[in-house]
Amino acid sequence: DQQVKQNSPSLSVQEGRISILNCDYTNSMFDYFLWYKKYPAEGPTFLISISSIKDKNEDGRFTVFLNKSAKHLSLHIVPSQPGDSAVYFCAASPGVKTSYDKVIFGPGTSLSVIP
Amino acid sequence: EAGVVQSPRYKIIEKKQPVAFWCNPISGHNTLYWYRQNLGQGPELLIRYENEEAVDDSQLPKDRFSAERLKGVDSTLKIQPAELGDSAVYLCASSMVPSGTEAFFGQGTRLTVV
């Protein structure tokens with residue numbers, strides 16, 4: 001049973017528009033959430049994170065929103081650029097001070113930004 | 001500073017053959033992880049090392065998989081014998097401490113078992 005779900009396997013967005021990637025989780029013990037970005041033939045790289053004490057975290061063009069009651073988070077990319085085309089993994093952890101091996105990854109969403 | 005280095009990048013073997021993957025973590029990172037990523041799925045942890053000690057190998061299929069991290073630096077993951085279902089990308093990651101915000105991943109080894 002998947003504890004972290006990304007129900008959209010793929011997403012296409014026009015350059016300059018907003019990309020919204022969604023993630024749902026089932027385990028109420030999750031307290032810390034991360035987004036990773038992965039280009040083909042490369043390993044995942046950390047993008048942005050959010051703790052459950054916040055509902056929003058922003059870093060440049062990337063913003064993550066957390067709705068803890070709905071067990072839902074989303075990653076917004078504004079404006080989208082062709083270089084953002086990659087697979088985005090949502091991940092969840094029982095807490096930032098918890099051992100990293102407790103991090104659970106979702107299946108990923110492949111984003112294509114069309115020039 | 002060099003990132004996490006893995007080799008080989010690609011490996012094709014016949015089933016029942018052995019295979020080994022190598023990982024050199026970022027210098028100074030005491031924690032090392034091996035993940036398996038199946039097609040269309042996220043990475044799943046196989047084993048975590050703290051220095052040379054395997055502290056979480058509950059997800060490692062011990063009948064055919066083994067790992068070692070001699071001297072607490074680089075690590076090797078072995079499969080013997082390989083099965084068709086072992087085809088996946090094997091990712092190594094490292095972090096300075098076992099907890100925290102992120103781990104740094106290598107490029108992975110794509111294994112195809114035919």
Side-chain angles (χ1 to χ4, degrees), chain A residues 1-10 21 23-27 30-54 57 59 62 64 86-110, chain B residues 2-11 21 23-26 29-50 53-60 67 88-111:
Chain A
D1 183 32
Q2 277 189 341
Q3 298 186 63
V4 179
K5 303 177 183 180
Q6 295 177 259
N7 292 323
S8 298
S10 62
L21 294 91
C23 177
D24 297 288
Y25 61 96
T26 58
N27 191 336
F30 288 143
D31 200 44
Y32 186 70
F33 305 89
L34 310 93
W35 285 92
Y36 277 81
K37 177 179 180 179
K38 183 183 182 303
Y39 291 117
E42 294 185 14
T45 55
F46 172 75
L47 186 59
I48 192 170
S49 63
I50 188 167
S51 169
S52 63
I53 62 174
K54 295 184 175 181
N57 189 26
D59 183 2
F62 301 89
V64 56
V87 176
Y88 290 80
F89 292 101
C90 173
S93 160
V96 66
K97 293 186 178 178
T98 305
S99 176
Y100 190 87
D101 60 356
K102 299 296 186 287
V103 172
I104 304 295
F105 288 84
T109 295
S110 178
Chain B
V4 176
V5 178
Q6 291 186 247
S7 68
R9 292 292 309 279
Y10 305 92
K11 190 74 175 178
F21 315 123
C23 173
N24 191 19
I26 293 173
H29 282 194
N30 297 323
T31 307
L32 182 146
Y33 315 81
W34 281 103
Y35 287 86
R36 177 169 59 189
Q37 185 181 4
N38 293 313
L39 188 63
Q41 298 182 21
E44 295 178 332
L45 182 74
L46 291 172
I47 189 169
R48 172 171 73 96
Y49 279 94
E50 292 302 326
E53 183 183 357
V55 294
D56 185 353
D57 63 353
S58 58
Q59 302 302 314
L60 190 71
V89 175
Y90 291 84
L91 292 162
C92 178
S94 70
S95 61
M96 192 169 295
V97 293
S99 63
T101 60
E102 60 181 293
F104 297 85
F105 285 82
Q107 293 174 305
T109 296
R110 180 176 294 278
L111 173 67

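In what follows, chains carry the letters A, B, and so on, assigned in the order in which the sequence lines appear, proteins first and then strands, with residues in each chain numbered from 1.
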D56(B) CG to K102(A) NZ distance, which is reported to the nearest 0.5 Å: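 Rounded to the nearest 0.5 Å, the CG-NZ separation comes to 5.0 Å.
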Atom pair CZ (F89(A)) and CD (Q37(B)), whose distance is rounded to the nearest 0.5 Å: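 Answer rounded to 0.5 Å: 4.0 Å.
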Partner chain B: residue of A91(A), C90(A), S51(A), G43(A) with the largest heavy-atom pair count (under 4.5 Å):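 Greatest number of close heavy-atom pairs with chain B: G43(A).
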Expected output: side-chain R110(B) to main-chain A41(A) donor-acceptor under 3.5 Å: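 Between the backbone of A41(A) and the side chain of R110(B) there is no qualifying donor-acceptor contact (under 3.5 Å).
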Most contacts with chain A, counted as non-hydrogen pairs under 4.5 angstrom, among Q6(B), Q107(B), E44(B):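 The candidate making the most pairs under 4.5 Å is Q107(B).
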Heavy-atom pairs under 4.5 Å with chain A, option from C92(B), G106(B), G108(B) with the top count: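 Counting heavy-atom pairs under 4.5 Å, the top option is G106(B).
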Contact check, side chains of P43(B) and V103(A), non-hydrogen atoms, under 4.5 Å: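 The answer is no; the side chains never approach within 4.5 Å.
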Validation row, ring centre F105(B) to ring centre F46(A) under 6.0 Å: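 That pair fails the under 6.0 Å test.
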Least distance between heavy atoms, P107(A) atom then G40(B) atom: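 Closest heavy-atom pair between P107(A) and G40(B): CB-O, 3.5 Å.
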